[in-house]
Every structure is written in structure tokens, then in C-alpha cells.
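Let me begin by presenting the structure, written as C-alpha cells, before commenting on it.
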Protein chains: 2
Amino acid sequence: MPINLNDPRVRKTRKELQNAFVRLILCKGYDSISIQDIASESDTARITFYRHYKDKEELLTDCLNTLYEDLVQKTSPISAAGILAGYSPVSTLYAHIEEQETLYRVLFSSRGTQTVIERMRHHMAERILDAIRQSGRAPESNIPPEIIAYHAASAQIGLAIWWLDHGKPYPASYMAQISLWLTLTGVIETMGGSDFKPPIPMLT
Amino acid sequence: MPINLNDPRVRKTRKELQNAFVRLILCKGYDSISIQDIASESDTARITFYRHYKDKEELLTDCLNTLYEDLVQKTSPISAAGILAGYSPVSTLYAHIEEQETLYRVLFSSRGTQTVIERMRHHMAERILDAIRQSGRAPESNIPPEIIAYHAASAQIGLAIWWLDHGKPYPASYMAQISLWLTLTGVIETMGGSDFKPPIPMLT
DNA sequence: CAGCTTATGTTACACTCTGTATCATAAATT
DNA sequence: AATTTATGATACAGAGTGTAACATAAGCTG
């Protein structure tokens with residue numbers, strides 16, 4: 001007797017569990033939420049939770065999988081023409097965040113280890129800000145230095161995580177070199193230059 | 001009667017709690033660990049845990065704070081000369097990861113929401129790989145396209161998180177433009193060009 | 001509409017984990 | 001050697017978990 005996902009009762013129950021869960025996460029954080037809390041907040045019987053999900057984790061996954069799939073579905077294939085017209089996977093992402101802000105807040109809500117990574121990213125960004133200030137240059141098109149720094153810091157921390165997660169396929173020193181190179185010169189230069197230039201970002 | 005951190009018994013107990021905790025995280029994941037587990041694994045009485053830490057979270061923080069502080073302490077101030085000689089905060093980070101690999105694995109070990117972010121990053125990286133392949137170019141110096149893609153994807157996802165966490169201080173469309181621009185043209189071009197070029201990364 | 005099916009609600013139970021208390025023991029400090 | 005302080009053993013109340021049996025209510029079908 002697997003649960004019939006087309007039954008309106010089931011859909012209602014799941015939606016209420018998910019909504020209650022999201023409210024609770026934003027209000028008191030993931031870790032301190034009990035199944036009882038979810039049941040109370042959603043006005044369902046506690047046992048009903050177990051009829052749908054094994055544990056909190058599974059409910060969370062259910063909430064966020066939809067988000068991921070929706071993003072993928074909305075991401076159109078990349079093309080130079082699209083980018084010149086202002087379309088890219090990045091712009092899709094930002095639009096999606098605005099559209100589903102609450103769920104993204106849940107997704108990004110820090111837990112435990114995350115705050116340490118966040119501090120490392122911040123530290124890295126500060127070092128990059130130092131370098132920018134030290135260069136004594138004002139950026140073209142008034143891009144806020146903070147953004148430059150966080151963009152670069154995220155790339156560097158993220159690539160390091162990728163590297164470790166993938167079993168350190170290259171030497172650390174080589175990775176560090178590449179990471180710095182990519183940040184400083186960008187993909188176009190790395191790919192041997194190009195006739196095509198992206199639009200210079202300006203606040204309108 | 002606050003606990004005396006210089007007492008060798010205290011130091012021993014804490015070290016054993018931390019080591020046991022790290023082992024357990026790597027083996028069965030953070031969420032499913034109970035205080036009892038930590039006590040058993042570390043051969044201490046359960047009540048001893050509570051004499052040192054309020055909960056799991058606090059123990060985790062204790063484990064990782066040291067890591068963060070050690071990294072910060074080892075990061076030397078940035079300078080163009082240093083970068084030319086191969087020193088940068090990035091290289092410090094990679095060296096530190098190699099040195100403290102186990103703790104970094106704990107730090108990066110995915111929990112719940114993280115796997116969804118990871119999938120988004122992967123998705124973004126795949127789109128970037130598409131673009132690289134589509135361009136039909138071979139990168140200078142044989143930098144693996146996978147690295148380029150993950151570097152860029154991390155930057156873009158990370159900047160989006162920063163943007164949301166900081167209260168969306170700029171319009172989404174502007175952020176998307178900047179994110180793309182920085183990725184494609186890099187910091188040097190963004191800062192109005194420079195006489196100084198970083199070393200081209202090569203596998204030696 | 002009546003009858004069947006299926007999801008939810010109620011109550012109950014055994015179990016694990018938590019957080020705390022008390023007292024005994026062992027290790028450090030003086 | 002005496003005192004201080006940390007750890008260990010045992011116990012307990014309370015909360016949360018996961019499951020069961022049965023009753024009720026909502027949806028589907030002829």
C-alpha cells in the first residue's frame with residue numbers, strides 16, 4: 001500500500017508539512033526542530049509524518065529537490081548570443097532566487113560547519129580587498145570591491161572543496177596557481193582570448 | 001568552578017572527545033551522532049561530555065575554530081611580489097588543507113542542504129563546460145576545463161549566497177551581470193588592466 | 001447514493017536520548 | 001600529605017522516537 005500522490009488529501013498533508021517545516025527552519029533553525037514540532041505546527045498527527053517521511057532529512061530533501069529541479073528546468077542552454085542579450089545560467093539563478101526567496105533562505109541557512117566555511121570565505125575576501133586597495137586602482141564601471149572580493153573568495157574556497165571532494169586529482173600547488181590565475185585573468189584570457197566581450201555591468 | 005583548561009586531565013578528555021567526534025562524523029555523519037556515541041567512542045562517561053560542552057554543536061565549533069584560527073595565523077599579507085614568487089592566500093589555503101586534511105574533510109562533509117547546493121554547483125559547472133566546449137577552443141597551458149568550470153560555478157553560487165545573506169543590496173540583474181563579467185574577464189581587466197601578470201599555471 | 005478504499009486521527013507502548021543530581025574515586029596542585 | 005578538582009558510577013525524570021491497533025473521515029467507483 002504505497003501512498004497515492006494524486007490523492008488530494010496526501011497533497012494537502014505534504015504541503016502543510018513542508019510549509020510548517022520551512023517556517024520552523026527560518027524561525028528556530030533546522031537542528032532544534034523535532035518531528036513533534038512539525039506535527040504541531042502543521043496541525044497533523046505525529047504519526048502522519050512517519051507515513052510520508054523517514055525523518056527530517058527526507059522532508060528537507062523533498063522541499064529542496066523541487067527547487068533544484070525547477071531551477072534546472074528554467075536554465076536555458078548557454079550561447080554567446082544569449083549572453084550578449086543578457087541571458088546566462090547566472091541570470092537564471094538570480095531570477096530564481098528572487099522568485100523563491102524563502103526556499104533559498106532555507107537552503108542557504110547556515111548550519112554548524114557552514115559558519116566556519118563562511119568565516120574562511122570572509123577572511124579570504126578581506127585579503128582580496130586588501131590587495132584591491134593596495135593596487136590603488138578604481139575598478140572600471142564602479143563595480144563594488146566587496147563584490148569582486150566575495151566572487152573571488154567563493155571561487156577559491158569552492159574550488160578547494162571540489163578538489164578535496166574529488167580525491168585531490170592535482171597537486172595543491174598547481175591548484176593554487178590555477179585558482180589565482182583564473183581569478184585574476186578570467187575565463188576569456190584563459191581560453192586564449194576571444195573576439196566576443198560580455199557587456200560591461202553598469203547600475204542603471 | 002569553571003573548568004581549568006591547563007589541567008592535563010581536561011586537555012586529555014577534550015582531545016579524546018574531539019578525536020572521537022571527528023572519527024564518528026567521517027564514519028556515520030554528523031546528524032546521526034548522539035552524545036552517547038561520543039562518550040562510548042571516546043571511552044569517557046557521558047556526563048563528562050556535559051561538563052565540557054553544551055551540545056554537539058559546541059564540540060564541533062571547538063574542533064573547527066582551532067582550524068580557522070590556524071589558517072588565519074598562517075596567511076601572510078598579500079603583495080604583488082609575493083604572488084610572483086608563488087605565495088598568496090590561496091596557496092596558503094591549499095597547503096593548510098593538505099596539512100589538516102582530516103579536519104577539512106569534516107568541515108566540508110555535506111549535510112542536508114549542502115547536497116542540494118552541491119547539485120546546483122554541479123549543474124552550473126556543467127553549463128559552463130557546455131560553453132567551453134561550444135567555444136571550440138583549447139585553453140592555454142592545458143588547464144583542465146573541469147577546474148575552470150568548478151572555479152566559475154563556485155564563484156557564481158557563492159556570490160549569490162553572499163548577496164541574499166546581505167539583504168540583496170543590489171538588483172538581481174546587476175549582480176548577474178557582474179558575476180558573469182568577473183568570471184569571463186577576471187579581476188585584472190576589471191581593475192583597469194595592469195602591468196603585472198600572474199605566472200601561467202603549468203603542471204611540472 | 002451506497003459501498004469500498006485509503007488517508008488521517010487517537011491512544012498507547014517500549015525504547016533511546018537528554019540533561020541533571022549525588023556520591024565515590026582518581027588524578028593534579030600546593 | 002593534604003587539599004582541590006576532574007572524572008566515573010548510578011540513578012531518575014522528562015522529551016522525543018518509531019511502531020501498533022483501532023476508529024474516523026475523506027476520496028473514489030459503480
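Numbers restart at 1 for each chain; the letters A, B, ... are given by sequence-line order, proteins then strands.
- In this structure, the NZ atom of B/Lys12 is 12 Å from the C1' atom of D/dG8, given to the nearest Å.
- Scanning atom types as modelled, one donor and one acceptor separated by under 3.5 angstrom connect the side chain of B/Arg51 and the base of D/dG8.
- Nucleotides of DNA chain C nearest to B/Asp7 and B/Ser34 differ in position, and the one nearer the 5' end is that of B/Ser34.
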For A/Trp163 and B/Tyr150, what are the C-alpha separation, side-chain angles and deciding distance, and is it a ring pair (Phe, Tyr, Trp, His ring centres under 6.0 Å)? CA-CA 9 Å; A/Trp163 174 68; B/Tyr150 267 91; over 10 Å; no

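- Rounded to an integer number of Å, the gap from CD1 of A/Ile35 to C1' of C/dC17 is 14 Å.
- At most 12 non-hydrogen atoms from other residues, nucleotides or ligands lie less than 6.0 angstrom from NZ of A/Lys12.
- Between the side chain of B/Arg46 and the base of D/dG8, no donor-acceptor pair of N or O atoms lies under 3.5 Å.
- Side chain B/Arg9 to base C/dA28: no donor-acceptor pair is found below 3.5 Å.
- Of the candidates D/dG8, C/dT8, C/dG9, C/dG9 carries the atom nearest the A/Ala45 side chain, counting heavy atoms from C-beta on.
- Distance from the side chain of A/Tyr50 is smallest for D/dG18 among the nucleotides C/dA26, D/dG18, C/dT18.
- Rounded to whole angstrom, the span from the CD atom of B/Glu16 across to the C1' atom of D/dT7 amounts to 12 Å.
- Judged purely by atom type and a 3.5 angstrom limit, B/Asp70 has no side-chain atom pairing as donor or acceptor with the backbone of B/Gln73.
- In this structure, CZ of A/Arg14 is placed 9 Å from P of C/dT8, rounded to the nearest angstrom.
- Protein atom CG of B/Asp37 is 7 Å distant from nucleotide atom P of C/dC17, rounded to whole Å.
- The side chain of B/His52 contributes no N or O atom lying less than 4.0 Å from OP1 or OP2 of D/dA6.
- The residue among A/Asn4 and B/Ile33 whose nearest nucleotide of DNA chain C is located toward the 5' end is A/Asn4.
- Because its NZ or CZ atom is both nearer than 6.0 Å to the ring centre of B/Tyr30 and within 45° of the ring axis, B/Lys56 counts as a cation-pi partner of that residue.
- Rounded to whole angstrom, the span from the CD1 atom of B/Ile38 across to the C1' atom of C/dG19 amounts to 14 Å.
- Here A/Asp55 lies out of heavy-atom contact (under 4.0 Å) with every strand.
- Distance A/Ile3 CD1 to C/dT5 P: 18 Å, rounded to the nearest Å.
- When distances are taken from the side chain of B/Pro8 to each of C/dA28, D/dT7, D/dT19, the shortest belongs to C/dA28.
- A salt bridge between A/Arg11 and A/Glu16 is absent, with no side-chain N of the basic residue lying under 4.0 Å from a carboxylate O of the acidic one.
- Residue B/Ile47 is in base contact, counting any heavy-atom pair closer than 4.0 Å across all strands shown.
- Between B/Leu24 atom CG and C/dC17 atom P the separation is 13 Å, expressed in whole Å.
- Between B/Asp37 and B/Lys28 a salt bridge is recorded (basic side-chain N to carboxylate O distance below 4.0 Å).
- The shortest distance between the side-chain N/O atoms of A/Thr48 and the OP1/OP2 oxygens of C/dA7 is not below 4.0 Å.
- A sub-4.0 Å separation between OP1 or OP2 of D/dT7 and a side-chain N or O of B/Thr13 is present.
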